[in-house]
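Some notes on the structure that comes next.
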Amino acid sequence: MKKENFDVVVAGGGSAGIAAAIGASRTGARVLLVERSQAFGGQAVNSWISAYCGFYSKGSAPQQVVYGIGDEVLQRLKAHGENIAPTINPSTHNASIRFRPVVLARVLDELMLDSRVDYRLATSLIAATRGQDGRLQSVLIQDDEETVEVSAKAFVDATGNANLVHLAGLPTNWGGEQGEVQQASLSCLIDGLPAREFSVDELSKAIRAGRENGIEGLDVDRGMIVKVPEDSYGFLTMPSIEPENFGGKNLTKNMMTLRTKAWHYVQALSTYHPDLGHAKLLATSPILGYREGRRLQGIKTITGEDAAACRKDPHTIGRAGWPFELHSANGMSFKQIKENDWYDIPAEALMSRDCANLYGAGRLVSTDHLAMASIRVMGTGFASGHGAGILAAQYAADGQTDIEKVQKILKEQNALL
Ligand SMILES: Cc1cc2nc3c(=O)[nH]c(=O)nc-3n(C[C@H](O)[C@H](O)[C@H](O)COP(=O)(O)OP(=O)(O)OC[C@H]3O[C@@H](n4cnc5c(N)ncnc54)[C@H](O)[C@@H]3O)c2cc1C
């Protein structure tokens, strides 16, 4: 079998993986980024989740809390004509940055082309081997031509679902104490929308009217249409289901159910919302959007209490300022963290408890179920990804972790700690 060697391997090319790979490569490390879909951006591009949450804190004066690689992506979006000023949702009062997924895909292609990262799309990480000392030694990656054994000094799992941690045979956490898991949703592209934001209540009213009038499958009635306000198209994220696991069999059943539900939701909106008479379903996302995946078991675990109190940590690698966003069978609800504030993401929450050269970033950072509902958003994913990339690069260079050094490099790369 073909063999290759790198300093750092990053699995997953979503917000977290991109920030990890670019950040690590800028320290001089030789970095491989492996992404199994055919575009960078993770759910933002492949599942059309077209709002970056977590870049701004919430409150009377939203402040940008994530800079570094994430901010470079914003500046590149701006250079391509996107408005990167935060949009405030009329119901939730949360500040997010809206973009068109097609523009983001181009921006991320350009960012990768300008980088020193060795990146491979359409390539899956399929196995991992650990040595006697517990450290990860190598991974197997596979595309339609070949399988390659890649060894590295450090690894970052940015797969959203902790797939690398799982393949390495290490324990993970999933769901809450009662086994509750956030619902996964199918993003639906809808055209014929008026040029404005929609409140959660007005959408909910139409969905409930649809249900009362016999339209089937409208179980969740609180959710959003995410769009650039002035556009005539947007992405409905309401058709939802609780996943049983991450296997193909369950995914097949869920995708087939949700594709049918999508038609029913659009039928309800176009029939019962006074401004949506022209709404048409144009496409359903080719992939299911997971809100909750397996989580890393880190040296530290961020709890809901830490997040709600906006706890600061001397070992911070970045800031998180999004509230707890919960999606259950009843739909979407929020629990707030302190206004105009953020909590720190400690380096140890990205460091595997069981494997010295393995780091986690994005949705799978070591948290409890509640803190995951905040940390999982993509703006925050850029921050944790950047941190994990520098941690991995520094470990690859020095063979041990020096958090102060990592913080210094992050600041040099314009991250806000
Ligand atoms: C319906 C819905 C709406 C949401 N709305 C918002 C929102 O408005 N704003 C927001 O900021 N967040 C939102 N989120 C949350 C957010 O999209 C995710 O939590 C976020 O994408 C996590 O980022 P990530 O980089 O950790 O993972 P992802 O974006 O999921 O990226 C992980 C990448 O890893 C790749 N991968 C996985 N396994 C492998 C493997 N074995 N080999 C190679 N590659 C692999 C995947 O293909 C994927 O591209 C929403 C989520 C859902 C489901």
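Each ligand, and each atom within it, is numbered from 1 in the order the structure gives.
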What part of [X] sits under 4.0 Å from ligand 1 if we count only heavy atoms: the side chain, the backbone, both or neither?
X	result
Asn163	side chain
Ala158	backbone
Ile49	side chain
Leu164	neither

Nearest-neighbour protein heavy atom for [atom], which is reported as residue plus atom name and distance:
atom	value
atom 15 (C) of ligand 1	Arg376 NH1, 3.2 Å
atom 25 (O) of ligand 1	Ala16 N, 3.2 Å
atom 44 (N) of ligand 1	Arg36 N, 3.1 Å
atom 1 (C) of ligand 1	Arg291 NH2, 3.2 Å
atom 40 (C) of ligand 1	Leu125 N, 3.8 Å
atom 34 (O) of ligand 1	Gly12 CA, 3.2 Å
atom 48 (C) of ligand 1	Glu35 OE1, 3.4 Å
atom 31 (O) of ligand 1	Gly14 CA, 3.6 Å

Considering distance alone, does some N or O of [X] sit under 3.5 Å from an N or O of ligand 1?
X	answer
Met378	yes
Arg363	yes
Gln43	yes
Val377	no

Residue [X] vicinity, atoms of ligand 1 by number, heavy atom under 4.0 Å:
X	result
Val34	43 (C), 44 (N)
Cys53	7 (C), 8 (O), 9 (N), 10 (C), 11 (O)
Thr123	43 (C)
Ala51	7 (C), 8 (O), 9 (N), 10 (C), 11 (O)
Gly362	26 (O)
Gly289	53 (C)
Ser15	25 (O)
Ser185	1 (C)

Does the pair Ile287 and Ser37 meet the rule for a side-chain contact (heavy atoms from CB on, under 4.5 Å), with working shown?
CA-CA 10 Å; Ile287 64 165; Ser37 75; over 6 Å; no
Main-chain N/O of Gly23 paired with Gln413 side-chain donor or acceptor, under 3.5 Å:
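Flag set: sc Gln413 to bb Gly23 pair under 3.5 Å.
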Which heavy atom in [X] sits nearest to a heavy atom in [Y], and how many Å separate them?
X	Y	value
Gly17	Leu33	O-CD1, 4.0 Å
Ala20	Val156	CB-CG1, 4.1 Å
Arg291	Ala184	NH1-C, 4.2 Å
Asp219	Lys261	OD2-NZ, 2.7 Å

Anything under 30° is parallel, anything over 60° is perpendicular, the rest tilted; go ahead and classify Phe55 against Phe382.
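Phe55 and Phe382: tilted rings.
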Once the angle between the rings of Tyr52 and Phe99 is folded into 0 to 90°, is it parallel (under 30°), tilted (30 to 60°) or perpendicular (over 60°)?
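The arrangement is tilted - the two ring planes meet at 30° to 60°.
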Go through the steps for Asp157 and Thr159 under the test side-chain hydrogen bond (donor to acceptor under 3.5 Å, both in side chains), then give the verdict.
CA-CA 6 Å; Asp157 186 339; Thr159 61; 2.7 Å; yes
Show your reasoning for whether side-chain contact (heavy atoms from CB on, under 4.5 Å) applies to Tyr395 and Arg135.
CA-CA 12 Å; Tyr395 184 90; Arg135 289 189 299 174; 3.0 Å; yes
Going through the distances and angles, do Phe40 and Leu121 end up as a side-chain contact (heavy atoms from CB on, under 4.5 Å)?
CA-CA 8 Å; Phe40 301 108; Leu121 295 174; 3.4 Å; yes
Take every heavy atom of Ser124, measure it against each atom of ligand 1, and state whether any distance is under 4.0 Å.
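Heavy atoms of Ser124 do come under 4.0 Å of ligand 1.
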Between Trp48 and Tyr233, does the ring centroid distance fall short of 6.0 Å?
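No, too far apart.
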If only side-chain N and O atoms count, and only distance matters, is there a donor-acceptor pair under 3.5 Å linking Glu202 with His273?
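On atom types as modelled, these side chains qualify, holding a pair under 3.5 Å.
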Without hydrogens or angle criteria, can the side chains of Glu292 and His327 be said to hold a donor-acceptor pair below 3.5 Å?
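Absent: no donor and acceptor within the cut-off.
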Go through it in stages, so that I can follow the logic: the residues are Arg30 and Asp118, the test is side-chain contact (heavy atoms from CB on, under 4.5 Å), and I'd like the CA-CA distance, side-chain angles, deciding distance and then a yes or no.
CA-CA 8 Å; Arg30 289 171 309 113; Asp118 188 333; over 6 Å; no
